[in-house]
Structures are given as C-alpha cells and as structure tokens.
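Owing to the predicted nature of the structure, the values given are computational and were not obtained by experimental measurement.
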Amino acid sequence: MTLHRIISIVVLFFGIANSTAQEYKLGKVTVAELQQKVHPKDSSAVAAILFKKGRTYFSYKDKIGFSAIHECEIKIKIYKKEGLEWANQRVKFYVGYENINNDQLAFSDAVTYNLEKGSIVKTKLESQGTFKNKINKYWKEKAITLPNVKVGSIIEYKYELKSENIVKFPDFDFQYEIPVDYVYYKTELPEYYVYKPLLIGYVPLETNAKLTSGTQVFDNQYGQSTSFSYKQIVSTYLGKNIPALKEEPFVNNIENYRGSIKQELERIRFPDQPVKDYTMTWEGVASTIFKDEKFAKEFKDTQFLLSDISRLLANVESPTERMNKIFAYVQNRMNWNESLDYYPDKGVAKAYADQIGNVAEINFILINMLRLAGIEANPVLVSTIENGYPAYPTRTGFNYVIAAAAIDGKQILLDASQKFTSPNILPINVLNWKGRLIKSNGTSQEIDLEPENPSRENFNLLVKIDDGGKIDGQVRIQRTDYDAYRFRVENNTKSQEEYLEKLEEQLGDLSITKYRIQNQKTNINEAIMETFDFTSNGQLEIIGGKFFINPLLFLTRGKNPFNQEVRQMPVYFGYKNIERFNLNIQIPEGYAIESVPKSMKIISEDKQVVYSLNCLIDEDKIQIMSISEVNSSTFAPEDYGMLKDFFQKIIVSQNEKIVLKKI
C-alpha cells in the first residue's frame, strides 16, 4: 500500500552528529543574500526558506511535573511579488484540554531586512503586529505580519510553544510550497519518556542520536531551589535542498505527503513506579472509545425508536430489504448540520426528535434501528481525506463515523448523513484507505474503504453526417455507482438550463434538444440515465474536399492530465472506473470511407489500466467501440511514467482520424 511508503519509523543510532546548525543563526543577513534575484536551484520559486531550526526540550515545575517546550527559528527570502504572502505567519496551538493548562505561544525576534542604497536596513515587528484568532473551541492561532516586506526582502522570526501535553507533540514540518535550503530539528527527551519518531513524506533526512546527561532546576513547595539529574536522548534531524511541495493533479490530500516529523509517546517509565504504556493496539482504541460513556450511552436507550421501526418493517422479512428501508427512512428523515465527528453532540434522541444532527448522531440512529431490526450493525471510524491518514492506532486520528451492516457474511457500508449515498456508496471524501470497525466487546476490524467494484460510464451514440459536414445524433449516457453519485452531488443545485448550457460548451458548442434524465434525485440506487439529441457543425474538418473526423467526436480526450516530468506523490483516482464508448456513424451519400483508426489494445503489466479501440465498417456505416479501464484507485509515484505513457497512447489513438472522400 502506498501509505506505507510515505510513513517511516526513524531508527536512531547512538553516535555523534556529523553536521551542526551553528552557522545558521537569526540576525546573520548578508548583502549577497539580499541581492540574490532567483533561487539557485528553483528559478520558479516565489520565496524560499533559507533555514528552519527547531528544538524540543523539557522543563520541570513542582506539582505540575514535566512540560514540553518547542522552539522554532525561521529565515525566509522573498523572490517575487507572489511570495509577499509569506510575510504573514500563523501558528496554531491547543486550548481544549480538560485536565491540563492551555498551550502558550509567543513570537519574538521578528525582523525584516531590506537593501537600501547598498546598506542593510532592519525593520523590527512591534508588539501590535501580533494577533490571536479562534479557530474553534479546541484551537487558537497566533499570527504576525512582518513589516516593510518587498520583493528581495529577507524576513526572520522565532516562536516558542510551551505545552503541558507531553503525549502529543506538534508536528515539525520541513517541506513547504517553497523550497527549503536547510532544516535542523533537535529533541532532548528525558529517559522517563520513550517516543517513536515517524518520518512522513518522501524526503530523506540525516538522523543521529546520543545519550547525554540532563538537569532540571526548579523551586519546590517551600520556595527553595532544588534540582535533579537524569539521562536523556538527544536526537537530531538534518536536511538540505528540500524541493517545494507542489500541487499535482489527482492527489487526495497533499498534507499526507508533506515532509514532517511526528513523535508518538510509547511509554512512561519513572523510577520506582509502574511503567505506563501508551502504545495502543486497535483493540485498545476500540475498548477505550466504548468505555467512554458519551459514546457508549447512545447505543443503550433506544426505546424511542421502537414504534417507528414496527411501523416501517411491518411484513418485511428479508434482511436486505429491512436494511434498505431503514437506510432510506433515516436518510430522508434526518438532516446533516455539516458537523464532522465520531462523538454525538446533543445525543441521538434529541437529534432524532429535531430531525437534524451531526454525522455521528445520524449514523448512530441508523445503527440502533438496524439492531432493533435484528441486523448486526456497528460503527466504523473513518478519517476523511481532508483529515489525513490515521498512521498508527489512535482515537484522535479519526473525525468521522459510518455504519457497517453484516448481512450474509458481508459488511455493507452505510452513511445516512448525506442525501445521495446508498448502500456501499459513501461520500467521496470518506474513501480514505482504511476504516476501523469497533464493537462494544473491545474488538475491532480493519475495513477496506476502497470500492470493490468499478463504477461505469457508458456512452452510446447514433450519428449521421450530411454532405455539408453537419452532424446530427442521439446520445444515451449511463452512469453507475460513484460516477452516478458524483454527478448527483455536482449537479444537485443546478437548473436543467444551467446544466445544458455548460454541457453544450464542454462538448464543443453543440445544440442539444429533447434532453431527458432519469434517477437523478430519485431511485438513488439506480443508474443515472441521460438521453438527448444534438446537432453540430464543428465536429469535423474539411480539407481538400475530404472529411476528417475524430472517432469519438466530442468525447475525444484531447489533453494528457499527466504532463510533469517527474511525480512526487501517488496518483489518486478515488475509485475504479470503466468508461465504455459505442458509436454508430452513418456517412453521407456520395462519400466513401478512405481510412479509419487502427484497432488497438493496451494493457499494463499488472492489468491495472486497460484501453482498447476497435473500428468496424459495414457499407456506409462505421461502428466504433472503445473501453478505458482504471482498475485501482491509487498508483504509486513509480507508476507515474506508465500512466503518463498510457494516457498519451489513448490521446494518439482517439485523435487518429476517420477520413471520408467523395466518390
């Protein structure tokens, strides 16, 4: 799986680091740096991080114990006006703790450097340049805007984050949308705490570690200064010439691939105290969640659902039919308040009465009704695409919950919070690698969220060409599963007039009449079917009295979506897809077929992508059949060359002309 290729457990060895960061200091700006016009390794860069240095170490206070301090120093060069936005810097911090004090964040040493008449001019940030912003009830951010920033400026600043949370460190990012020349991160971790570092992304770092002595000095309860010593592990991470993380087509969430260091607390081992193990298994996650009364109680009191269940399922015996009726009922009754969570907010009973709730409340109602109907149903924890991958067993890595119904030995995945989902058709942003089914007995099961069956788009065209080059025809388009779901979501709020205006433009200024669509907003389990007639005067070229026609007409692929030389990130299609074209073209009287595209078939080595095109001639008719298959939702970066070549061959094939000549 691609995920395993981007998350590495860093194995640190004891020794002496062969590189230091002493030469990279704030305040050391040169005329040569200010005169530099373009980045030496990336001329397209609008700005660059000249260095980023981080340090994580511990402090100690009586009655509080250890706290973590995270320091960061950053120096940035602005090359182009588009890079001026880097004058605005934001750092978020957590304020939603229940048992410990909120994090504290402070900026310092914020300075802008400019070159004026050959001299370096410094502009310091005044205190009024900082402001706070509340993100939600758990997070705040502090922001600064560096003053007097121009193209050519160098800016630098430092911030310090103090946190009593030693379980979860803030991520140390070392890859950005601009290049990073030098990065250095140092952790000084007391022997009492054992952390597992996780290196995210594709950028390698030099890593070293050594065992040293540490000392803490603090005031005791009597105001007396006291101290203690211990062993600590000092680890360093160093990187140079880190390329910019650039947007690429077909990427699920770019944050999944950003170079970053995460620290996972595995255990605490104080002298003369039992070892406290923080390493969790997925079973441990499941057990912990169901022990939380806020979660578990929502599956206990279900009496308020009984009368509706009895009415809904009268004379319905089939488990599948029961599931479908319950799912449709909850989906139609409940309205999502657009809140993502796997914990209920106001509770399922009140949400049911109000007919509105968050994702957890709606899908818990669904689970409870399925259980009352005699169907085994359980919650499945999910991290949406926007939330990233849950890299290791953790309850905080999830932000969404769906339902799984077990029928005839199969798990059917359900999400009733969205209006266009159906059994085993989930929102696109939920198709994020794996989910975790959890049961009240503390067991759990990994659930593959990738759809098993491919979605299909079938295009059927009956086409007639007249002797003036005008084309008339009838079109039937069928979309199934996720292709149908995506169509419904994307066009739900559009009027038919708006949709047809856009469709005519996309297909090459056609004139569409007799448009009809079936199953767009009803019969959600069924395929969407579009039919229409069309007329076009621009679908062929006339050169020297001959007609030159693309075999798939306005459905011809004209541009390769993969045009980069190299690829950093996996290619994500979302789901498997089969695209089938069937065209019957009647040529005009007085014309003969001079040539048609060569029939061809392309199959990748592992059959993950397949393409074929066949042309058959029957007197004055041409039948064209073409199939494109993408049989995996995700491809590794090393498959990029194969995909690029595959799609280029499709384009060449589809742009090989049908040629008609006068007789």
Side-chain angles (χ1 to χ4, degrees), residues 456-480 500 503-504 506-518 527-559 577-603 609-629 646-663:
R456 297 174 182 269
E457 290 182 291
N458 298 322
F459 298 84
N460 290 278
L461 287 78
L462 292 174
V463 177
K464 184 175 182 180
I465 304 173
D466 71 11
D467 57 7
K470 187 179 79 168
I471 298 179
D472 296 293
Q474 296 85 45
V475 179
R476 185 175 76 248
I477 306 172
Q478 182 190 56
R479 294 182 173 91
T480 72
L500 290 180
L503 182 62
E504 287 177 335
Q506 288 176 341
L507 298 182
D509 295 321
L510 304 181
S511 176
I512 292 177
T513 58
K514 297 182 181 179
Y515 179 82
R516 186 179 175 214
I517 187 167
Q518 296 173 272
I528 286 179
M529 190 75 71
E530 291 181 278
T531 57
F532 57 86
D533 292 355
F534 74 92
T535 300
S536 175
N537 290 298
Q539 292 299 321
L540 55 78
E541 294 180 285
I542 304 176
I543 303 174
K546 295 182 179 181
F547 290 173
F548 294 82
I549 311 159
N550 286 327
L552 299 187
L553 301 176
F554 45 78
L555 300 175
T556 300
R557 187 183 292 272
K559 185 178 179 181
N577 169 265
I578 296 177
E579 198 175 47
R580 185 186 299 269
F581 301 93
N582 193 338
L583 290 83
N584 286 277
I585 301 175
Q586 182 174 336
I587 69 173
E589 188 175 346
Y591 279 79
I593 301 167
E594 182 175 285
S595 64
V596 296
K598 300 181 184 68
S599 295
M600 68 176 304
K601 188 168 187 176
I602 312 168
I603 305 176
V609 286
V610 177
Y611 170 77
S612 66
L613 185 139
N614 293 284
C615 294
L616 301 176
I617 298 174
D618 182 12
E619 297 182 350
D620 63 346
K621 295 182 177 63
I622 305 171
Q623 184 179 14
I624 299 151
M625 296 162 289
S626 180
I627 300 176
S628 301
E629 298 182 22
F646 176 82
F647 277 89
Q648 191 58 40
K649 287 178 179 177
I650 291 178
I651 291 168
V652 171
S653 172
Q654 292 183 0
N655 284 273
E656 187 178 347
K657 308 294 185 182
I658 297 171
V659 181
L660 307 180
K661 64 181 180 180
K662 276 190 175 183
I663 54 174

Short side-chain to backbone donor-acceptor contact, [X] and [Y], under 3.5 Å:
{"X": "S511", "Y": "F534", "answer": "no"}
{"X": "Q474", "Y": "T531", "answer": "no"}
{"X": "D466", "Y": "G469", "answer": "yes"}
{"X": "S536", "Y": "G538", "answer": "yes"}
{"X": "N655", "Y": "R557", "answer": "yes"}

For the atom pair [atom1] ([X]) and [atom2] ([Y]), what is the distance rounded to the nearest 0.5 Å?
{"X": "T556", "Y": "Q539", "atom1": "OG1", "atom2": "CD", "value": "8.0 Å"}
{"X": "Y591", "Y": "D620", "atom1": "OH", "atom2": "CG", "value": "14.5 Å"}
{"X": "I471", "Y": "Q586", "atom1": "CD1", "atom2": "CD", "value": "12.5 Å"}
{"X": "D472", "Y": "L510", "atom1": "CG", "atom2": "CG", "value": "11.0 Å"}
{"X": "L583", "Y": "Q623", "atom1": "CG", "atom2": "CD", "value": "9.5 Å"}
{"X": "I622", "Y": "I617", "atom1": "CD1", "atom2": "CD1", "value": "6.0 Å"}

Next on the checklist: Consider side-chain hydrogen bond (donor to acceptor under 3.5 Å, both in side chains). Of Q654, K657, E656, which one does N550 pass it with?
Outcome noted: K657

Heavy-atom closest contact ([X] atom, [Y] atom, distance):
{"X": "K621", "Y": "I593", "value": "O-CD1, 4.4 Å"}
{"X": "S599", "Y": "C615", "value": "OG-N, 3.4 Å"}
{"X": "R580", "Y": "I627", "value": "NH1-CD1, 3.1 Å"}
{"X": "P551", "Y": "I585", "value": "O-CD1, 4.2 Å"}
{"X": "K559", "Y": "I651", "value": "C-CD1, 3.3 Å"}

Checklist entry - Passes side chain to side chain contact (heavy atoms under 4.5 Å, CB included), K470 versus I465? Steps please. => result CA-CA 6 Å; K470 187 179 79 168; I465 304 173; over 6 Å; no

Next on the checklist: Show, in sequence, the C-alpha distance, side-chain angles and deciding distance for L540 and F548, and conclude whether the side chain to side chain contact (heavy atoms under 4.5 Å, CB included) test is met.
Outcome noted: CA-CA 6 Å; L540 55 78; F548 294 82; over 6 Å; no

Checklist outcome for this item: Of V475, L553, N584, I549, the one forming a side chain to side chain contact (heavy atoms under 4.5 Å, CB included) with V463 is L553

Next on the checklist: Between I603 and V609, does the side chain to side chain contact (heavy atoms under 4.5 Å, CB included) criterion hold? Intermediate values first, please.
Outcome noted: CA-CA 6 Å; I603 305 176; V609 286; over 6 Å; no

Item to check | side chain to side chain contact (heavy atoms under 4.5 Å, CB included) evaluation trace for K598 with L613 | outcome: CA-CA 8 Å; K598 300 181 184 68; L613 185 139; over 6 Å; no

So do the side chains of [X] and [Y] get within less than 4.5 Å of each other, counting heavy atoms only?
{"X": "I578", "Y": "S628", "result": "no"}
{"X": "F547", "Y": "V659", "result": "no"}
{"X": "I624", "Y": "N582", "result": "no"}
{"X": "N577", "Y": "E457", "result": "yes"}
{"X": "I602", "Y": "M600", "result": "yes"}
{"X": "K514", "Y": "F532", "result": "no"}

Checklist entry - Taking only residues two or more places apart in sequence, or in another chain, which ones meet Q518 in a side-chain hydrogen bond (donor to acceptor under 3.5 Å, both in side chains)? => result none

Next on the checklist: Y611: which residues meet the ring-ring contact (aromatic ring centres under 6.0 Å, His included) condition with it, sequence neighbours left out?
Outcome noted: none

Checklist entry - Looking at residues at least two apart in the chain, or sitting in another chain, which of them share a ring-ring contact (aromatic ring centres under 6.0 Å, His included) with F459? => result F581

Next on the checklist: For a side-chain hydrogen bond (donor to acceptor under 3.5 Å, both in side chains) check, start with the C-alpha distance between T513 and D533, then their side-chain angles and the critical distance, and finish with the verdict.
Outcome noted: CA-CA 5 Å; T513 58; D533 292 355; 4.6 Å; no

Item to check | E579 with R456: basic N within carboxylate O range, under 4.0 Å | outcome: no

Item to check | Note: R476-E530 ion pair, threshold 4.0 Å (strictly below) | outcome: no

Item to check | Neighbour count above 12 (heavy atom, 6.0 Å) for Q506 CD | outcome: yes

